[in-house]
Amino acid sequence: SGMAVHRPLSRFWEWGKNIVCVGRNYADHAREMRSEVPAEPVLFLKPSTAYAPEGSAILMPAYTRNLHHELELGVVMGRRGRAVPEAAAMDYVAGYALCLDMTARDVQDECKKKGLPWTLAKSFTTSCPVSAFVPKEKVPDPHNLKLWLKVNGELRQEGDTSSMIFSIPYIISYVSKIMTLEEGDIILTGTPKGVGPVKENDEIQAGIHGVPKVSSATPPVRLQAW
């Protein structure tokens, strides 16, 4: 396998391969989207080129007129796992990051109408802003966190991870039965209610109450004409 490369988990976004996203994992968000509360997790993927580390700009694709923020807790995998039993799932977690699932809502609505995949809406360059890595030792209970997001200083999203429909161990087990998860991969665990639009030059800040230094302040959103 060639030379071993030192790959620090603290910079997982530079080398981690897979970004697996869980849609509709908070009932209040499912309701605001007029969607059914799912019986099984709804999954979609983003490419690793979607990462925008804290401090880099979010680029708005020229093909959307309605770019939304979706605040999510990201779970970073610490080792390879395939068909992981739910009871052992937390042993595979290295830590967490706060993530934004940037979504071209108008494009997603069109995709839904036509029964097409959501790739154009969810997987563009910079569609996955991420905070600094938080080792799992610093988060005694990932199901007891309060997440918040502000746009231009105004609170837009606030949610408790205790309201997730599917727990983190359930999600890891479920996903790993479909696709092998590898060290450095991340799972985005869904967004609470309050998603909404951002426009050019808006500033997004997000954080986890009680966990210092986990914030994901982005410079102004920029329009990217491809």
Side-chain angles (χ1 to χ4, degrees), residues 13 19-26 28-35 42 44-74 96-113 117-132 145-161 163 186-209 211 213-226:
W13 59 84
I19 302 173
V20 184
C21 305
V22 180
R24 303 205 287 261
N25 197 26
Y26 288 78
D28 55 8
H29 173 63
R31 280 194 288 275
E32 82 178 342
M33 299 308 293
R34 298 186 180 83
S35 297
V42 175
F44 59 93
L45 302 174
K46 292 179 185 267
S48 53
T49 49
Y51 279 130
E54 186 180 351
S56 56
I58 295 170
L59 305 175
M60 185 184 301
Y63 55 77
T64 183
R65 295 284 166 273
N66 191 15
L67 183 66
H68 278 209
H69 55 78
E70 296 194 4
L71 172 66
E72 318 223 347
L73 179 68
Y96 304 92
L98 201 59
C99 305
L100 301 181
D101 166 19
M102 300 305 296
T103 302
R105 190 71 70 204
D106 48 354
V107 176
Q108 186 188 35
D109 290 344
E110 275 304 296
C111 292
K112 283 179 175 176
K113 267 188 214 131
W118 297 356
T119 307
L120 271 65
K122 293 280 198 181
S123 305
F124 52 91
T125 300
T126 73
S127 61
C128 190
V130 288
S131 75
L145 298 173
K146 194 183 275 293
L147 314 178
W148 59 268
L149 179 142
K150 292 176 180 176
V151 178
N152 301 329
E154 179 202 345
L155 187 67
R156 291 270 193 95
Q157 283 190 274
E158 198 165 31
D160 289 285
T161 57
S163 310
I186 196 168
I187 301 174
L188 273 56
T189 57
T191 193
K193 73 173 187 302
V195 302
V198 286
K199 51 190 194 309
E200 221 180 329
N201 299 319
D202 279 353
E203 294 204 39
I204 303 172
Q205 282 177 294
I208 302 173
H209 287 300
V211 180
K213 294 204 188 80
V214 184
S215 61
S216 179
T218 66
V221 174
R222 289 185 206 149
L223 185 69
Q224 174 79 7
W226 295 161

(message) Using every non-hydrogen atom in the two residues, find where G74 and C99 come nearest and quote the distance to one decimal.
(response) CA-SG, 3.9 Å

(message) When you compare the side chain of I204 with that of V198, does any pair of heavy atoms fall below 4.5 Å?
(response) yes

(message) Distance alone, cut at 3.5 Å: any donor-acceptor contact between the side chains of T103 and K122?
(response) yes

(message) Run the salt bridge (charged side-chain N to carboxylate O under 4.0 Å, His left out) test against K112 and tell me which residues pass, sequence neighbours left out.
(response) none

(request) Please determine if K146 forms a cation-pi arrangement with W148, meaning its NZ or CZ atom is less than 6.0 Å from the six-membered ring centre and no more than 45° off the ring axis. (result) no

(message) Less than 4.5 Å apart, side chain to side chain, heavy atoms only: is that true for R24 and T191?
(response) no

(message) Going by the rule ring pair (Phe, Tyr, Trp, His ring centres under 6.0 Å), which residues pair with Y26 if we only count those two or more places apart in sequence or in a different chain?
(response) none

(request) Please confirm whether the backbone N or O of Q157 pairs with a side-chain atom of K193, one donor and one acceptor, at under 3.5 Å? (result) no

(request) Please test L145 against D160 for side-chain contact (heavy atoms from CB on, under 4.5 Å), starting from the C-alpha separation and ending with a verdict. (result) CA-CA 6 Å; L145 298 173; D160 289 285; over 6 Å; no

(request) Indicate the atoms forming the closest heavy-atom contact of K150 with G153, along with that distance. (result) CD-O, 3.8 Å

(message) Assess the residue pair T126 and Y51 against the criterion (side-chain contact (heavy atoms from CB on, under 4.5 Å)); give the C-alpha distance rounded to whole Å, side-chain angles, the decisive distance to 0.1 Å, and a yes or no.
(response) CA-CA 5 Å; T126 73; Y51 279 130; over 6 Å; no

(request) Measure the shortest side-chain to side-chain distance between V42 and V22 over non-hydrogen atoms and say whether it is less than 4.5 angstrom. (result) no

(message) Check this for me: does any side-chain nitrogen of one of R105 and E70 sit under 4.0 Å from a carboxylate oxygen of the other?
(response) yes

(request) Taking atom types as modelled, find out whether R156 and H69 have a side-chain donor-acceptor pair closer than 3.5 angstrom. (result) yes

(request) Flag the pair M33 / V195 as yes when at least one side-chain heavy-atom distance between them is below 4.5 Å, and no otherwise. (result) yes

(message) The test is side-chain contact (heavy atoms from CB on, under 4.5 Å); show your working for T64 and M60 and say whether it passes.
(response) CA-CA 7 Å; T64 183; M60 185 184 301; 3.8 Å; yes

(message) Quick one: does any side-chain atom of Q205 pair with a main-chain N or O of L149 as donor and acceptor, under 3.5 Å?
(response) no

(message) Are L100 and L71 packed together at the side-chain level, in the sense that at least one heavy-atom pair is separated by less than 4.5 angstrom?
(response) yes

(message) Please find the pair of heavy atoms, one from C111 and one from W118, that lie closest to each other, and give the distance.
(response) CB-CD1, 4.2 Å

(request) Indicate whether any N or O donor in one side chain lies under 3.5 Å from an N or O acceptor in the other, for H68 and Q108. (result) no

(request) Kindly indicate whether the side chain of E54, heavy atoms from C-beta on, has any atom under 4.5 Å from the side chain of V130. (result) no

(message) Check this for me: does any side-chain nitrogen of one of D202 and K199 sit under 4.0 Å from a carboxylate oxygen of the other?
(response) yes

(message) Any non-hydrogen side-chain atom of M102 less than 4.5 Å from a side-chain atom of P129?
(response) yes

(message) Counting C-beta onward and ignoring hydrogens, is there a side-chain heavy-atom pair between T161 and T189 closer than 4.5 Å?
(response) no

